[in-house]
Amino acid sequence: MLEALALTCIKGDRILFRDLTHAFRPGVLTRVAGPNGVGKTSLLRLLCGLAQPDEGEVRWQGTPLAAQRDAWHRAVFFHGHLPAVHELLSPRENLRSLAAVQGLPHDGAAIDAALGELGLARQRDLPVRVLSAGQRRRVALARLVLAQERPVWILDEPFTALDAAAVAALARRIEARVRDGATVVLTTHQDVEFACPCDTLEPGRFAPRRKAA
Ligand SMILES: Nc1ncnc2c1ncn2[C@@H]1O[C@H](COP(=O)(O)OP(=O)(O)OP(=O)(O)O)[C@@H](O)[C@H]1O
């Protein structure tokens, strides 16, 4: 199980959240919710181990992430909110290098199948700079097809720029992964319904109250 234990996150002179404790249970989708700037992305980065908390720790299967970096790297799949794709490379080239960096399958057949599932078969050899915003997002999201075996998915705004059909298809993919027993943590400002066990975590509820002037 993935656990946040008494996390404190400070940015500049502001405490975003303090003493945030939460168990992210397998087979449950946790939606990290709240308005812009409340600390959702900051929390996701702590959960991934991409940033360190000012206090507290994140544990996976009872062990701090820092004590099992390689095992954690093999267990987690992180989708950041920016489409981490290179403009001059094609979807095929982008997906192959992204998948390789994240330790995901990246042979030609797997790459083409993933791009096909995301509706990018015809665009797979074009430079990404000519693709639409939604198609660029799909290139990065194609990694989800390759990350089917990962027990933890952490997804920051995965629905951004997708059309209605793609939002529905992605929601179904996420639900299936949750029903399969994965731990999924995501943020979205979109009103997406999920037919699987769901939980909500609001980092803003762990923010210190501001004193009245
Ligand atoms: N180095 C920094 N110095 C000061 N403030 C910072 C710094 N880095 C981040 N912040 C602030 O931390 C806050 C939390 O940012 P974060 O990206 O986690 O928010 P979010 O809840 O994901 O927002 P959004 O819904 O807009 O994606 C923001 O108000 C941001 O301006």
Side-chain angles (χ1 to χ4, degrees), residues 2-25 28-60 64-66 72-73 76-85 98 101-102 132-141 143-144 147 150 152-164 166-168 170-171 173-174 177-178 182-194 198-213:
L2 179 67
E3 295 169 282
L5 294 165
L7 296 183
T8 293
C9 179
I10 301 171
K11 297 283 186 188
D13 60 358
R14 187 170 150 222
I15 300 173
L16 293 182
F17 47 84
R18 186 163 62 199
D19 214 16
L20 185 156
T21 293
H22 190 85
F24 299 86
R25 289 174 291 137
V28 175
L29 184 159
T30 303
R31 195 167 179 150
V32 177
N36 292 139
V38 82
K40 302 180 298 297
T41 293
S42 303
L43 175 60
L44 262 49
R45 289 175 57 80
L46 296 183
L47 294 178
C48 288
L50 290 171
Q52 296 305 311
D54 292 280
E55 288 172 27
E57 67 182 12
V58 178
R59 290 187 190 166
W60 166 242
L65 298 188
W72 175 240
H73 186 67
V76 67
F77 171 76
F78 176 62
H79 175 84
H81 67 86
L82 296 172
V85 289
L98 289 169
V101 166
Q102 286 192 283
S132 73
Q135 288 170 337
R136 289 172 193 221
R137 303 289 306 191
R138 289 173 188 231
V139 175
L141 286 167
R143 290 174 303 160
L144 284 174
R150 297 269 164 112
V152 183
W153 282 6
I154 297 181
L155 313 173
D156 197 355
E157 296 288 350
F159 298 102
T160 299
L162 298 183
D163 61 38
V167 167
L170 178 55
R173 182 178 291 282
I174 292 169
R177 196 69 200 99
V178 172
T183 300
V184 178
V185 186
L186 63 77
T187 65
T188 179
H189 288 291
Q190 284 164 265
D191 203 10
V192 182
E193 296 285 329
F194 295 99
C198 292
D199 197 0
T200 301
L201 172 61
E202 297 179 52
R205 293 183 54 202
F206 296 83
R209 290 180 189 279
R210 288 170 192 268
K211 290 193 183 117

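Excluded from the calculations below are hydrogen atoms, water molecules and symmetry mates; all remaining heavy atoms, backbone and side chain alike, are included. Counting starts at 1 for both ligands and their atoms, following the listed order.
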*What are the two closest non-hydrogen atoms of R137 and L162, and how far apart are they?*
CB-CD2, 4.2 Å
*In the protein, what heavy atom is nearest to atom 29 (O) of ligand 1, and what distance, to one decimal place, separates them?*
R14 NH1, 3.1 Å
*Nearest to atom 19 (O) of ligand 1 by heavy atom, C9, G37, P35, A51: which?*
G37
Which atom pairs, donor and acceptor, lie under 3.5 Å between side-chain atoms of residues 16-24 and protein residues at least two apart or in another chain?
unit_1 : atom_1 : unit_2 : atom_2 : d
T21    : OG1    : A6     : N      : 2.8
H22    : NE2    : D199   : OD2    : 3.4

Using residues 48-58 as the side-chain source, report each donor-acceptor pair under 3.5 Å to any protein atom, sequence neighbours left out, with the distance given to one decimal.
unit_1 : atom_1 : unit_2 : atom_2 : d
D54    : OD2    : I10    : N      : 2.8
E57    : OE2    : R59    : NE     : 2.6
E57    : OE2    : R59    : NH2    : 2.8

*Please check if a non-hydrogen protein atom sits closer than 4.0 Å to atom 31 (O) of ligand 1.*
no
*Would atom 1 (N) of ligand 1 count as contacted, meaning some protein heavy atom under 4.0 Å?*
no
*Part of T187 with heavy atoms under 4.0 Å of ligand 1, whether side chain, backbone, both or neither*: neither
*When the ring planes of F159 and F194 are compared, do they come out parallel, tilted or perpendicular, using 30° and 60° as the limits?*
tilted
_Assess the residue pair V28 and T183 against the criterion (side-chain contact (heavy atoms from CB on, under 4.5 Å)); give the C-alpha distance rounded to whole Å, side-chain angles, the decisive distance to 0.1 Å, and a yes or no._
CA-CA 6 Å; V28 175; T183 300; over 6 Å; no
*Per-atom contacts of ligand 1 with G39, taking only distances under 4.0 Å to non-hydrogen atoms*: 14 (C), 18 (O), 19 (O), 20 (P), 21 (O)
*So do I174 and R177 actually touch side chain to side chain, heavy atoms under 4.5 Å?*
no
*Do the side chain of K40 and the main chain of P35 share a donor and acceptor less than 3.5 angstrom apart?*
yes
_Is atom 13 (C) of ligand 1 touching the protein, meaning some protein heavy atom lies under 4.0 Å away?_
yes
_Just to confirm my output: which protein heavy-atom neighbour is closest to atom 9 (C) of ligand 1, and how far is it?_
K11 CD, 3.6 Å
_Heavy-atom closest pair, residues T188 and E157_ = CA-OE1, 3.5 Å
*How far is atom 22 (O) of ligand 1 from its nearest protein heavy atom, and which residue and atom is that?*
T41 N, 2.8 Å
*Do you know the tightest heavy-atom contact between V185 and L44?*
CG1-CD1, 4.0 Å
*What atoms of ligand 1 come within less than 4.0 Å of a heavy atom belonging to G12?*
3 (N), 4 (C)
*For V38, is at least one N or O under 3.5 Å away from an N or O on ligand 1?*
yes
*Nearest heavy atom to atom 25 (O) of ligand 1 wins, so pick from K40, R45, H81.*
K40
*asked:* Minimum heavy-atom separation for R138 and A166, please, with both atom names.
replied: NH2-CB, 3.4 Å
*Shortest protein heavy-atom distance from atom 26 (O) of ligand 1, along with the residue and atom involved*: N36 ND2, 3.0 Å
*E157 touching ligand 1 at heavy-atom level, < 4.0 angstrom*: no
*Show which atoms of ligand 1 fall inside a sub-4.0 Å distance from at least one heavy-atom site of S42.*
14 (C), 15 (O), 16 (P), 18 (O)
